[in-house]
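Keep in mind the model is a prediction, meaning the values are calculated, not measured. Convention: sequence-line order gives letters A, B, ...; per-chain numbering from 1.
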Number of protein chains: 2
Amino acid sequence: MATQQQFAELASQLRGTLAVVREMARAMPPDCPPASAGVLSAISRNGEIRMSRLAELLDIDMSVTSRHVAHLAERGWIERAPDPLDRRSRLLRLTALGDLALRTAQDHVAEVLAERLSDWPDEDVERFTDLLDRLRTGFCEPRPLPRTNT
Amino acid sequence: MATQQQFAELASQLRGTLAVVREMARAMPPDCPPASAGVLSAISRNGEIRMSRLAELLDIDMSVTSRHVAHLAERGWIERAPDPLDRRSRLLRLTALGDLALRTAQDHVAEVLAERLSDWPDEDVERFTDLLDRLRTGFCEPRPLPRTNT
DNA sequence: TATTGTTATACTCTATAACTATA
DNA sequence: TATAGTTATAGAGTATAACAATA
């Protein structure tokens, strides 16, 4: 396992990454802020989905998810259909307009990244994406209880 | 260069990393929120520093930096000395208390990372830290003007 | 009684603009 | 006139708590 020092450095770099995410956010269309793009992306990847599951995927509170979803629905980017199996619930799915908005947003950020990271070799981009994915997965997955030292 | 698709995926993973940073933030002491830790860390790395330079390093507006710095000064974690060369300016430096606060905060987040990433090999942590550093550097450094197609 | 989703309220972090005091 | 820093105000994103409808 890495040393305490190494983890501290990693943590610091992760905090520093917020500046990059902020920079990417500036490239987004005004009516599709990063949080909206994240919700669209999650729905697109998963297909029809419930609010509660969506909140779980995004790792944010359902109250927050609800507000983002309302924003998207106002723009006609998603549909909220009643769930025939549970009338408390709603099933969300992307509309054609929503799919277009998502693609547009993705194109914008990809362009910004391509411009700034033009000198990165392919494999570094791949490896980086993979590490980020593993980080998120390792964090958001439920963890076994920490072992006590008995 | 990587494809548009690869960059889009990278962007998505970077957005997803926000969830991890939020999770780490929950492990911070209540009077040392992540933003404060970031400022302490930057001052610690650079030694005595001016406000304007600090804002540049953190890539946030000076008005925001000013508020964070005021927060730290109230707690006795930094000192603000007048700059003998320019009386408009102030020189910031960590106090012993501030150094302690920083170390405490670093220990907390490192512990969280160590717990969640216990199965990561050393080299992955190193490589990941390096990639994050290169990303931030590639983004926050001034860029040459994009070439027009003439 | 518990759960799904919504709304009201508050907190953190950031940006823009107006201000002051020096340069 | 321009620059360093501060403060006031606004906006995006999140969390907690109270609520309505349904299970």
Side-chain angles (χ1 to χ4, degrees), chain A residues 15-40 42 49-74 78 80-92 105 140, chain B residues 15-40 42 48-74 78-92 105 140:
Chain A
R15 253 198 334 253
T17 303
L18 290 178
V20 174
V21 175
R22 279 200 303 276
E23 191 77 20
M24 291 197 308
R26 296 194 185 97
M28 299 291 289
D31 61 346
C32 186
S36 294
V39 175
L40 285 177
I49 190 174
R50 294 170 54 150
M51 284 288 315
S52 49
R53 173 69 182 141
L54 182 59
E56 196 178 303
L57 282 179
L58 296 170
D59 196 45
I60 54 180
D61 194 87
M62 192 158 52
S63 65
V64 179
T65 310
S66 178
R67 284 237 320 266
H68 290 316
V69 161
H71 176 91
L72 299 178
E74 279 169 22
I78 60 167
R80 289 188 278 195
D83 182 343
L85 299 176
D86 184 342
R87 278 184 300 167
R88 295 172 302 181
S89 193
R90 310 228 243 174
L91 294 174
L92 314 174
C140 300
Chain B
R15 254 199 333 252
T17 303
L18 290 178
V20 174
V21 174
R22 278 200 303 275
E23 191 78 20
M24 291 198 307
R26 295 194 185 98
M28 298 292 288
D31 60 346
C32 186
S36 294
V39 176
L40 285 177
E48 201 169 60
I49 190 175
R50 292 170 57 151
M51 285 288 314
S52 49
R53 173 70 182 141
L54 181 58
E56 196 178 302
L57 282 179
L58 297 169
D59 197 43
I60 54 180
D61 193 87
M62 193 159 53
S63 65
V64 180
T65 310
S66 178
R67 283 238 322 267
H68 290 317
V69 161
H71 175 91
L72 300 178
E74 281 169 20
I78 61 167
E79 284 173 349
R80 289 188 277 194
D83 183 343
L85 299 176
D86 184 340
R87 277 184 301 166
R88 293 173 302 181
S89 193
R90 310 230 245 173
L91 293 173
L92 313 174
C140 300

Audit row: B:R53, B:L57, side chain to side chain contact (heavy atoms under 4.5 Å, CB included) steps and yes/no: CA-CA 6 Å; B:R53 173 70 182 141; B:L57 282 179; 3.5 Å; yes
Step-by-step side chain to side chain contact (heavy atoms under 4.5 Å, CB included) determination, A:V39 to A:L54: CA-CA 8 Å; A:V39 175; A:L54 182 59; 3.9 Å; yes
From CA spacing to verdict: side chain to side chain contact (heavy atoms under 4.5 Å, CB included), B:L40, B:I78: CA-CA 8 Å; B:L40 285 177; B:I78 61 167; 4.2 Å; yes
Trace of the side chain to side chain contact (heavy atoms under 4.5 Å, CB included) decision for B:V69 with B:R80: CA-CA 9 Å; B:V69 161; B:R80 289 188 277 194; 3.8 Å; yes
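Annotation: side chain of B:L58 is not in contact with side chain of B:H68 (no heavy-atom distance under 4.5 Å). Using a 4.5 Å heavy-atom threshold, the side chains of B:P33 and B:H71 count as touching.
Atom CZ in A:R50 sits about 14 Å away from atom P in D:dT22, given to the nearest Å. Spacing between atom CD of B:E56 and atom P of D:dT3 amounts to 14 Å, rounded to whole angstrom units. In this structure, CG of A:D83 is placed 13 Å from P of C:dT6, rounded to the nearest angstrom. A:E74 places its CD atom 14 Å from the C1' atom of C:dT6, with the value rounded to the nearest Å.
Scanning both residues, B:R50 and B:D86, for their nearest heavy atoms gives NH2-OD2, 4.1 Å.
When the C1' atoms of four end pairs are superposed on the next four at each end of the helix from C:dT1-D:dA23 to C:dA23-D:dT1, using five pairs per end, the two resulting axes differ in direction by 10°, to 10°.
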Between N or O atoms, less than 3.5 Å apart, protein on one side and nucleotides 10-16 of chain D on the other: list the pairs.
unit_1, atom_1, unit_2, atom_2, d
D:dG13, OP1, A:A35, N, 3.4
D:dT14, OP1, B:R22, NH1, 3.2
D:dT14, OP2, A:H68, NE2, 2.8
D:dT14, O4, A:R67, NH1, 3.2
D:dA15, OP1, B:R26, NH2, 2.8
D:dA15, OP2, A:D61, N, 2.8
D:dT16, O4, A:S63, OG, 2.8

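Using a 4.0 Å cut-off, some side-chain N or O of B:S66 falls inside it from OP1 or OP2 of D:dT6.
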Footprint string (nucleotides 18-23 of chain C, 5' to 3'): B base within contact, S backbone only, - free, heavy atoms under 4.0 Å: ---BBS
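Within 4.0 Å (heavy atoms only), B:R80 reaches sugar-phosphate atoms of the nucleic acid but no base atom.
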